[in-house]
Amino acid sequence: MAQKEEAAAAAEATSQNGEDLENLDDPEKLKELIELPPFEIVTGERLPANFFKFQFRNVEYSSGRNKTFLCYVVEAQGKGGQVQATRGYLEDEHAAAHAEEAFFNTILPAFDPALRYNVTWYVSSSPCAACADRITKTLSKTKNLRLLILVGRLFMWEEPEIQAALKKLKEAGCKLRIMKPQDFEYIWQNFVEQEEGESKAFQPWEDIQENFLYYEEKLADILK
């Protein structure tokens, strides 16, 4: 009976983690699966400084950066002109919903047709094809939504599927651009935890401007 309960727990854990449900009769495999934490979307107001310094760095080769960090500002404006602004960040594990999709599922799950939404994303890398498709569909059916996406890096930009997805984003009215050094500074000041004793001034990395120009040229070539 206990073994069946463990197997059921493992099955639930694997379904949350996207793992294979086979080999549950193997005690070692069973133990390993039970101990796996469920993948989840992490949300908050400010992200740790070390996460920002590694994940947002606009390097050409993003080895080891297997998450997407999305900082957002949502401005909802009513007919009276009053604007309500909210901000925060999302972090994904790439085995569950990606951060872009999670934004629409958890941050803005429903749009009030009486409001106008101006949304700005600061994302560590540009959307994958599936996320770009979700964004495109959302924009096409939500006419009161305006979306600006600023990205640190381009995700797999050489792939024709990705290039086509980015072009569709532009056609859908999404504004997409590469983050400038001052955009990284804005994130540092508004979305990053400032630890006690740490300098609050943003310290740009050596190749930040060079990498910005590199990705800006690539994006311009894709969207032309």
Side-chain angles (χ1 to χ4, degrees), residues 13 16-19 35-74 85-108 119-132 134-135 147-157 162 176-216 218-219:
Q16 293 174 335
N17 284 281
E19 298 286 342
E35 291 176 350
L36 280 174
F39 287 114
E40 61 181 356
I41 297 294
V42 178
T43 62
E45 294 183 2
R46 290 181 178 265
L47 60 132
N50 60 322
F51 285 9
F52 167 78
K53 292 175 181 177
F54 179 72
Q55 297 288 352
F56 272 91
R57 187 159 181 164
N58 59 347
V59 292
E60 181 179 354
Y61 299 104
S62 55
S63 178
R65 295 169 174 85
N66 57 351
K67 295 184 178 184
T68 298
F69 282 77
L70 187 159
C71 300
Y72 63 85
V73 178
V74 178
T86 58
R87 68 175 64 220
Y89 85 94
L90 296 168
E91 165 194 345
D92 69 31
E93 286 281 0
H94 271 203
H98 290 188
E100 297 93 335
E101 183 177 359
F103 175 87
F104 294 116
N105 293 341
T106 61
I107 306 303
L108 283 183
V119 178
T120 303
W121 289 355
Y122 299 86
V123 196
S124 53
S125 64
S126 58
C128 67
C131 287
R134 170 66 189 273
I135 296 168
L147 178 62
L148 166 63
I149 304 178
L150 298 93
V151 301
R153 305 182 302 274
L154 290 178
F155 172 72
M156 298 180 66
W157 60 268
I162 296 294
L176 180 68
R177 70 174 177 84
I178 305 299
M179 277 193 272
K180 302 176 182 179
Q182 53 264 42
D183 295 316
F184 291 101
E185 182 175 9
Y186 176 83
I187 298 172
W188 175 260
Q189 293 176 348
N190 293 276
F191 293 98
V192 176
E193 294 176 354
Q194 303 295 334
E195 298 179 3
E196 186 176 353
E198 185 176 6
S199 172
K200 292 186 178 181
F202 173 63
Q203 300 294 326
W205 42 92
E206 182 179 357
D207 52 359
I208 188 172
Q209 177 67 15
E210 178 183 349
N211 292 342
F212 155 66
L213 294 174
Y214 171 83
Y215 279 121
E216 185 181 48
K218 300 303 179 185
L219 182 60

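Below, each value reflects all heavy atoms present in this structure, side chains not excepted, and no hydrogens, waters or symmetry copies.
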Atom pair CG/CZ of D207 and R57 - distance to nearest 0.5 Å: 5.0 Å

ring-ring contact (aromatic ring centres under 6.0 Å, His included) involving F103 - partner list, sequence neighbours excluded: Y72, W121

Any residue meeting side chain to side chain contact (heavy atoms under 4.5 Å, CB included) with P204, in chain and number order, not counting sequence neighbours: F202, I208

Qualifying residues under ring-ring contact (aromatic ring centres under 6.0 Å, His included), relative to F212, sequence neighbours excluded: none

Distance in Å, D183 CG paired with T120 OG1, rounded so as to fall on 0.5 Å steps: 10.0 Å

Spacing of N105 atom CG and R134 atom CZ [to the nearest 0.5 Å]: 4.5 Å

Ring geometry between F51 and F69 (parallel below 30°, tilted from 30 to 60°, perpendicular above 60°): perpendicular

Contact check, side chains of L148 and V119, non-hydrogen atoms, under 4.5 Å: no

Partners passing side chain to side chain donor-acceptor pair (under 3.5 Å) against N190 (at least two apart in sequence or in another chain): none

E206 atom CD, over 12 foreign heavy atoms within 6.0 Å: no

Point-to-point distance, once rounded to the nearest 0.5 Å, from CD1 of I149 to OG of S126: 9.0 Å

Non-neighbouring partners of Y214 that pass side chain to side chain contact (heavy atoms under 4.5 Å, CB included), sequence neighbours left out: E60, W157, K218

